[in-house]
Enquirer: 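Here it is, the structure in full.
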Protein chains: 2
Amino acid sequence: MKHEDVFNPDCQVRLVLDRIGDKWSVLVVLALRDGPRRFTGLRTTIGGVTPKVLTQTLRAMERDGLLTRRVFAEVPPRVEYELTPLGLSLHAPIDAITDWAEAHLDEIVAAREATT
Amino acid sequence: MKHEDVFNPDCQVRLVLDRIGDKWSVLVVLALRDGPRRFTGLRTTIGGVTPKVLTQTLRAMERDGLLTRRVFAEVPPRVEYELTPLGLSLHAPIDAITDWAEAHLDEIVAAREATT
DNA sequence: CTGTATCCTCGCTGATACTG
DNA sequence: CAGTATCAGCGAGGATACAG
């Protein structure tokens, strides 16, 4: 079977789950959907993220080959982040999740209130 | 635009992201893919989860209407967990993620090692 | 503008032991 | 068998201030 090994704690698919699950990566992918963005642009688009955490997220995604970081030697400094093809391909699973969420959120909320 | 509101910190789609992102929910869904399972069955199938955390996960998913908990008045006690239609429908986005992970894991690993 | 540098808290997660 | 109780650690995430 296909997903059998997922139950192995060392399965590498877990790495992807962890990344998708982290609080900001998905939002970064969505924010970069329509092309490159600058640091402050991302920061204001994505509500409530501090510069430290945004930097951490971007660096991690860069390490994983999901996006590129381009520095322009200008004053004031300019840095642009852009999804790689690999990062762009993440939209497929992400859309699957957000679509599901939008389709079924009312059911979840209803179930929660039923328990109240 | 469709995903605009996701950037709102209060957006409810985040709730789903958080649930998908947590360490065990996805594995529970996969473990229940082929029908109802008992507590200990889940515990042994999913490696490395303690009873406390498994209980927490199951209760949370029950509250959200993703699965049902059925107690049989027997000795010894028997409890079966089964996905609801809502929980079953989660397989679509989850498969999208695991498929993506399996397809692109090598690229991620390669990108990581390139940085080393 | 694009980050770093500190400090700190919160809660998720786990280990272990015990109960109906 | 199916959990609950209790304790503990750790690290992601955040607040704030500052630097190149």
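Below, chain A is the first sequence line, B the second, and so on; all start at residue 1.
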Enquirer: Quick one: which residue pairs count as a ring pair (Phe, Tyr, Trp, His ring centres under 6.0 Å) with a foot in residues 82-108 of chain B, not counting sequence neighbours?
Expert: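 Qualifying pairs, neighbours excluded: B:Trp100-B:His104.
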
Enquirer: Just by protein heavy atoms under 4.0 Å, how would nucleotides 14-20 of chain C read 5' to 3' in B, S and -?
Expert: BB----B

Enquirer: Quick check on contacts: within residues 36-44 of chain A, what sits under 4.0 Å from DNA chain C by heavy-atom distance?
Expert: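 Output list: A:Arg38, A:Phe39, A:Thr40.
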
Enquirer: Tell me, do A:Val49 and A:Ile46 make a side-chain contact under 4.5 Å, heavy atoms counted?
Expert: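 The answer is yes; the side chains approach within 4.5 Å.
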
Enquirer: With A:Arg14, which residues qualify under side chain to side chain donor-acceptor pair (under 3.5 Å), at least two apart?
Expert: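 A:Arg14 satisfies side chain to side chain donor-acceptor pair (under 3.5 Å) with no other residue.
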
Enquirer: Can you list everything that forms a ring-ring contact (aromatic ring centres under 6.0 Å, His included) with A:Trp24? Sequence neighbours excluded, please.
Expert: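 ring-ring contact (aromatic ring centres under 6.0 Å, His included) list for A:Trp24, sorted by chain: empty.
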
Enquirer: Between atom CG of A:Leu66 and atom OG of A:Ser25, what is the distance when rounded to the nearest 0.5 Å?
Expert: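 Those atoms lie 8.0 Å apart.
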
Enquirer: Kindly state each residue pair satisfying salt bridge (charged side-chain N to carboxylate O under 4.0 Å, His left out) with at least one member in residues 37-48 of chain B, sequence neighbours excluded.
Expert: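 Checked against salt bridge (charged side-chain N to carboxylate O under 4.0 Å, His left out) - neighbours excluded - no pair reaches residues 37-48 of chain B.
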
Enquirer: Which whole-number value in Å describes the distance from A:Glu74 CD to C:dT2 C1'?
Expert: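 Checked: the CD to C1' distance equals 13 Å.
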
Enquirer: Please tell me if the side chains of A:Val28 and A:Leu67 come closer than 4.5 Å, counting only heavy atoms from C-beta onward.
Expert: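 Touching, per the 4.5 Å side-chain cut-off.
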
Enquirer: What is the distance, to the nearest angstrom, from the CD atom on A:Glu80 to the C1' atom on C:dC1?
Expert: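 After rounding, the gap between these two atoms is 13 Å.
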
Enquirer: Could you measure the distance from the CG atom of B:Leu86 to the CD atom of A:Glu107? Nearest 0.5 Å is fine.
Expert: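 B:Leu86 atom CG to A:Glu107 atom CD measures 5.0 Å (nearest 0.5 Å).
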
Enquirer: To the nearest 0.5 Å, how far apart are OG in B:Ser89 and CG in B:Leu83?
Expert: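 Going from the OG atom of B:Ser89 to the CG atom of B:Leu83 covers 9.5 Å.
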
Enquirer: Check step by step if side chain to side chain contact (heavy atoms under 4.5 Å, CB included) holds for B:Ile97 and B:Ile20.
Expert: CA-CA 10 Å; B:Ile97 297 171; B:Ile20 298 248; 4.1 Å; yes

Enquirer: Contacts to DNA chain C from residues 13-20 of chain B, heavy-atom cutoff under 4.0 Å, which residues?
Expert: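 Within residues 13-20 of chain B, no residue comes under 4.0 Å of DNA chain C.
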
Enquirer: For a 4.5 angstrom cut-off between non-hydrogen side-chain atoms, does A:Leu15 reach B:Ile108?
Expert: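 SC-SC contact between A:Leu15 and B:Ile108 ruled out.
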
Enquirer: Do any pairs count as a side chain to side chain donor-acceptor pair (under 3.5 Å) and have a residue in residues 75-85 of chain B, sequence neighbours left out, and if so which ones?
Expert: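 Every side chain to side chain donor-acceptor pair (under 3.5 Å) pair that includes a residue of residues 75-85 of chain B, provided the two are not neighbours, is B:Arg69-B:Tyr81, B:Glu74-B:Arg78, B:Arg78-B:Glu80.
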
Enquirer: Give me the bend of the helix from C:dC1-D:dG20 to C:dG20-D:dC1, using the axes of the five pairs at each end, rounded to 10°.
Expert: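 The helix from C:dC1-D:dG20 to C:dG20-D:dC1 shows an end-to-end axis angle of 50°.
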
Enquirer: What residues, two or more places apart in sequence or in another chain, satisfy side-chain contact (heavy atoms from CB on, under 4.5 Å) together with A:Thr44?
Expert: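 Testing A:Thr44 for side-chain contact (heavy atoms from CB on, under 4.5 Å), a comparison that skips the adjacent residues, returns A:Thr40.
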
Enquirer: May I ask you to test the B:Val109-B:Asp106 pair for a side-chain heavy-atom distance under 4.5 Å?
Expert: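 No - every pair of side-chain heavy atoms lies 4.5 Å or more apart.
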
Enquirer: Using heavy atoms and a sub-4.0 Å distance, could you list which residues of residues 56-69 of chain A are near DNA chain C? By number, please.
Expert: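 Of all residues in residues 56-69 of chain A, the ones placing a heavy atom under 4.0 Å from DNA chain C are A:Arg59, A:Arg69.
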
Enquirer: Side-chain atoms of residues 54-63 of chain A: list all donor-acceptor pairs with protein atoms under 3.5 Å, sequence neighbours left out, distances to 0.1 Å.
Expert:
| residue | atom | partner | partner atom | Å |
| --- | --- | --- | --- | --- |
| A:Thr55 | OG1 | A:Pro51 | O | 2.8 |
| A:Thr57 | OG1 | A:Val53 | O | 2.9 |

Enquirer: For A:Tyr81, which contact category applies under a 4.0 Å heavy-atom criterion: base, sugar-phosphate, or nothing?
Expert: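 Sugar-phosphate only.
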
Enquirer: Send over the distance from B:Asp22 CG to C:dG11 P, rounded to a whole Å.
Expert: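 Whole-Å distance recorded here is 16 Å.
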
